[in-house]
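Inspection log for the structure reproduced underneath, given as structure tokens.
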Amino acid sequence: MTTDEKVTLSEEKETLLITVYGKAEESRLPDSLLRDRFAADAIRRINYDFSKLKVRRDDMISLAIRAHLLDGWTREFITRHPDATVLHLGCGLDSRVFRVDPPATVRWFDVDYPEVIALRRRLYPERAGYTLLGSSLTAPQWLDEVPADRPVMIVAEGVLPYLREDEVPRLFGRLTAHFPAGECAFDCYSRFGVRLLRRHHSIKATGASVHWGLDAPHELEVQVPKLVFLTEVSSHDPAQLARMSRVARLSYRVFMAIPALKKAGRIVRYRF
Ligand SMILES: C[S@@+](CC[C@H](N)C(=O)[O-])C[C@H]1O[C@@H](n2cnc3c(N)ncnc32)[C@H](O)[C@@H]1O
């Protein structure tokens with residue numbers, strides 16, 4: 001393995017550095033939620049000026065909360081279906097497969113652009129039952145590589161807003177036609193939330209464009225009839241909120257008091 005991985009990704013691919021750095025740095029805090037030592041090891045070996053992303057402590061904690069929730073939903077699904085397939089879309093350098101550490105009965109697929117997958121291969125070890133697929137999510141062929149014989153847990157963290165409006169329902173249409181049954185869990189933003197996300201200092205630093213918004217979870221059920229909405233989380237656990245700065249806690253209270261802001265960002269779960 002190399003020890004100095006120069007990274008020259010741009011736009012939506014570069015945003016993976018925001019999330020892996022945020023998770024790595026949160027893991028160095030004494031009260032860390034995620035304890036992602038895999039991300040911490042990976043960023044030590046990446047040659048990139050992370051300071052340009054201006055990832056703040058509050059951002060790190062928010063990223064850890066989101067990742068921890070999605071890890072928990074993935075573990076739950078695997079407990080119910082020890083023979084599951086896990087499909088991790090737009091994995092970037094996220095170490096979910098190592099954090100969740102599924103039993104050998106689970107088949108796990110990480111999917112992202114070929115350049116990202118090539119970088120992942122240089123930074124993380126292989127493991128049994130784990131396959132990396134290098135493709136754009138919007139290309140139809142990659143799904144042919146994934147056997148359709150088992151219940152599937154589909155996880156997409158910080159990914160779908162980078163897809164265009166029509167690409168997300170089309171992707172879920174293909175996924176729900178491919179697998180017999182399963183669940184999908186991902187974060188999403190209302191159209192207003194997407195406008196706020198475009199102004200986020202770290203995303204602006206990468207030049208990435210954000211497109212897909214979902215004003216209400218039921219909208220996706222209409223576009224993808226096999227999907228059944230299960231649950232959403234749009235607020236932080238008070239114990240985690242208490243770790244944030246005063247300014248963040250105050251802004252959060254304001255957000256929660258105004259309906260359009262409260263629903264600006266959510267983490268949702270569907271079944272099919
Ligand atoms: C903000 S990063 C999140 C990475 C990872 N999920 C995490 O939470 O650390 C966004 C990721 O989505 C990937 N991505 C965006 N659009 C994609 C597409 N059309 N096909 C495949 N990957 C895509 C990017 O390459 C990047 O790795």
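Indexing begins at 1, ligand by ligand and atom by atom, following the structure's order.
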Proximal candidate to atom 5 (C) of ligand 1 [heavy atom criterion; set Pro114, Cys91, Ala139, Gly158]: Cys91
Interatomic distance, Phe77 atom CZ to Cys184 atom SG [nearest 0.5 angstrom]: 9.5 Å
CG on Asp58 to CZ on Arg249, rounded to 0.5 Å: 9.0 Å
Selected option - heavy-atom contact closest to atom 11 (C) of ligand 1, from Ser95, Gly90, Ser135: Gly90
Closest candidate by heavy atom, reference atom 9 (O) of ligand 1, pool Leu16, Thr19, Val111: Thr19
Passing option when Leu171 is tested against Leu163, Thr138, Ile154 for side chain to side chain contact (heavy atoms under 4.5 Å, CB included): Leu163
Heavy-atom donor-acceptor pair, Ser32 side chain to Arg28 backbone, under 3.5 Å: no
Less than 3.5 Å apart, which donor and acceptor atoms pair up between the side chains of residues 80-91 and the rest of the protein, not counting sequence neighbours?
from  : atom 1 : to     : atom 2 : distance (Å)
Arg80 : NH1    : Glu183 : OE2    : 3.2
Arg80 : NH2    : Glu183 : OE2    : 3.2
His88 : ND1    : Asp110 : OD1    : 2.9
His88 : NE2    : Arg96  : NH1    : 3.0

Ligand 1 to Ser136 polar contact by distance, N or O atoms, under 3.5 Å: yes
Heteroatom distance test (Glu157, ligand 1): nitrogen or oxygen, under 3.5 angstrom: yes
Pairing residues for Tyr252 by the side chain to side chain donor-acceptor pair (under 3.5 Å) criterion, not counting sequence neighbours: none
Ligand-side contact atoms (ligand 1) for residue partner Leu163, heavy atom cut-off under 4.0 Å: 16 (N), 19 (N)
Between CD on residue Glu12 and OG1 on residue Thr206, distance to nearest 0.5 Å: 8.5 Å
Region of Ala156 engaging ligand 1 - heavy atom pairs below 4.0 Å: neither
Heteroatom proximity flag, Lys23 to ligand 1, N/O under 3.5 Å: yes
Close approach of Asp112 to ligand 1, heavy atoms, under 4.0 angstrom: yes
Value rounded to 0.5 Å, distance of CG in Leu214 from CG in Asp187: 11.5 Å
Location of contacts on Leu93 toward ligand 1, heavy atoms closer than 4.0 Å: neither
Minimum-distance protein heavy atom relative to atom 15 (C) of ligand 1: Glu12 CG, 3.6 Å
Atom 20 (N) of ligand 1: the protein heavy-atom neighbour that sits closest, reported with distance to 0.1 Å: Leu137 N, 2.8 Å
Contact (N/O only, under 3.5 Å) between Thr15 and ligand 1: no
Minimum non-hydrogen distance to atom 19 (N) of ligand 1, winning option of Tyr162, Tyr113, Phe186: Tyr113
Under 3.5 Å side-chain donor-acceptor pair for Glu14 and Tyr48: yes
